[in-house]
**Q** 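Submitted below is the structure of interest, expressed as structure tokens.
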Protein chains: 2
Amino acid sequence: MNKKGILIVVSGFSGAGKGTLMKELLQKYEEKYALSISATTRQPREGELHGREYFFISKNEFEKMIAKDELIEYARYVENYYGTPRSYVEQKLDEGKDVILEIEIQGALKVKEKFPDTLLLFVAPPSAQELKHRLVGRGTETMEVINSRMSRAAEEAEGMENYDYLIINDTLEECVEQMHSVIQAEHLRCSRNTNFIEKIQKELKEMKGE
Amino acid sequence: MNKKGILIVVSGFSGAGKGTLMKELLQKYEEKYALSISATTRQPREGELHGREYFFISKNEFEKMIAKDELIEYARYVENYYGTPRSYVEQKLDEGKDVILEIEIQGALKVKEKFPDTLLLFVAPPSAQELKHRLVGRGTETMEVINSRMSRAAEEAEGMENYDYLIINDTLEECVEQMHSVIQAEHLRCSRNTNFIEKIQKELKEMKGE
């Protein structure tokens, strides 16, 4: 079977519980997955570590990476760059790990264009009402922030059809298992096993000639 | 989530162990799957039961079914017709069961053309050598029959790329689980959940307008 890892993009509305889900998946199947770490030019916030939340680099370093095509995708928000360094991703894929990028839809589509084999997963709450409920339930955001997140979710939802699979984040455990089995099933896709197919076709042809 | 079942075609070389695999899958997940039963005009062999192995019908009855478009696909081998009655399949799909057709490649491609949502699975042994080994191991076939099956496998292998997923039949238990998880993952495909996607898009838009 094909030993190379699969590149996976996970997107979802802010508040859908993507962060917790990723953490749980990576903890449970540590040997199978690697989480890509983005590079950014913004300042680290309290509690954030270089190489854990982000690679915090200078604007100058970031622009050098762009120039050398060392980023799979990047975007500029307000004054800061955010991007996915290519080398880490390729190294992990070569090791046979499935690499997960947690990025939003514009980035997801750019990655898919560059690497058509990318698997696009969208994590959604069971309903819009439930999304709002979760955002309110956190108790950490003002209503203004919550409303702006709901607006953003409405915009992001327009792109859901472009994703390959939809994971409904109802209970955490079930959601982790669904994500895991969608990715594992993807390894069995014929288009990812052309080496095996060509090998058995050749073997059968040779035995027929015997 | 989408409640309608998925139409699944399973193909594979004779001797790859497809029969045992199907039997095990249907026994283990009885509530999820239904196996489509073909109609044929050939005579029942010893031990075969009408409505279990096949629906044994007359040539006249079969041709009436063709005329009324009551078959999803059919083919004629030598003197006999073989085909898949539509009504049973549609009834089970409406009940939310995933319906499995065990047919060969020409039939598989016809079904996919008529129902593009069909999931095509190919069951293959780990190698051509292993296929021959299994055929010989049965001890029930002459070398002539074995060689003709190997030839037929070489022909069938040419169409493997047209299938969606490849299931390597190494150990039975693992193979059953792979097949089950490929089918379950397929239920999460965005293209099979357009109702949910449209619903949440609409909800989010309405909440934004509030």
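Quantities reported herein were computed from a predicted structural model and do not represent experimental measurements. Convention: sequence-line order gives letters A, B, ...; per-chain numbering from 1.
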**Q** Measure the spacing between CD1 of B:Ile168 and CG of A:Leu188 and express it to the nearest 0.5 Å.
**A** 8.5 Å

**Q** Any chance NZ of B:Lys28 has more than 12 other-residue heavy atoms, nucleotides or ligands included, within less than 6.0 Å?
**A** yes

**Q** Heavy-atom count around B:Tyr81 OH within 6.0 Å, excluding the residue itself: above 12?
**A** yes

**Q** Enter the distance from B:Phe13:CZ to A:Ile200:CD1 here, rounded to the nearest 0.5 Å.
**A** 5.0 Å

**Q** Counting only heavy atoms not in A:Glu173, do more than 12 sit closer than 6.0 Å to its CD atom?
**A** yes

**Q** Between B:Ile197 and A:Glu161, is a side chain to side chain contact (heavy atoms under 4.5 Å, CB included) present by the stated rule, with each step listed?
**A** CA-CA 8 Å; B:Ile197 291 176; A:Glu161 287 98 340; 4.1 Å; yes

**Q** Could you have a look at A:Asn162, A:Ile167, A:Val182 and say which one has the most heavy-atom pairs with chain B under 4.5 angstrom?
**A** A:Val182

**Q** Can you tell me how far the OH atom of B:Tyr163 sits from the CZ atom of A:Arg189, to the nearest 0.5 Å?
**A** 15.0 Å

**Q** Take atom CD in A:Glu31; do more than 12 heavy atoms of anything else shown fall under 6.0 Å from it?
**A** yes

**Q** Counting only heavy atoms from other residues, nucleotides and ligands, does the tally under 6.0 Å from NZ of B:Lys23 exceed 12?
**A** no

**Q** Between B:Glu198, B:Glu186, B:Gln129, who has the most heavy-atom pairs with chain A when the cutoff is under 4.5 Å?
**A** B:Gln129

**Q** Any chance you could measure B:Arg152, atom CZ, to A:Leu204, atom CG, to the nearest 0.5 Å?
**A** 12.5 Å

**Q** Need one label for B:Leu131: side chain, backbone, both or neither, based on atoms under 4.5 Å from any heavy atom in chain A.
**A** side chain

**Q** Does atom OH of B:Tyr74 have more than 12 heavy-atom neighbours from other groups under 6.0 Å away?
**A** no

**Q** What part of B:Pro126 gets closer than 4.5 Å to chain A, counting heavy atoms only: side chain, backbone, both or neither?
**A** backbone

**Q** Name the region of B:Lys199, side chain, backbone, both or neither, that has any atom closer than 4.5 Å to a heavy atom of chain A.
**A** side chain

**Q** Would you give the length of the straight line joining atom CD of A:Gln201 to atom CE of B:Met160, rounded to the nearest 0.5 angstrom?
**A** 6.5 Å

**Q** Taking everything shown except A:Arg52 itself, do over 12 heavy atoms lie less than 6.0 Å from its CZ?
**A** yes

**Q** With chain A as the partner, which of B:Ser127, B:Ala153, B:Ser181 has the greatest number of non-hydrogen pairs under 4.5 Å?
**A** B:Ser127

**Q** Counting only heavy atoms not in A:Lys114 (residues, nucleotides, ligands), do more than 12 fall under 6.0 Å from its NZ?
**A** yes

**Q** So what's closer than 4.5 Å to chain A heavy atoms on B:Glu158: side chain, backbone, both or neither?
**A** both

**Q** Do A:Lys205 and B:Glu155 sit within salt-bridge range, that is, some charged N less than 4.0 Å from a carboxylate O?
**A** no

**Q** Which value, rounded to the nearest 0.5 Å, describes the distance between A:Leu166 atom CG and B:Arg192 atom CZ?
**A** 13.5 Å

**Q** Which atom names give the shortest non-hydrogen contact between A:Tyr165 and B:Cys190, and what distance separates them?
**A** C-SG, 3.5 Å

**Q** Can you say whether B:Phe122 sits under 4.5 Å from chain A via the side chain, the backbone, both, or neither, judging by heavy atoms?
**A** neither

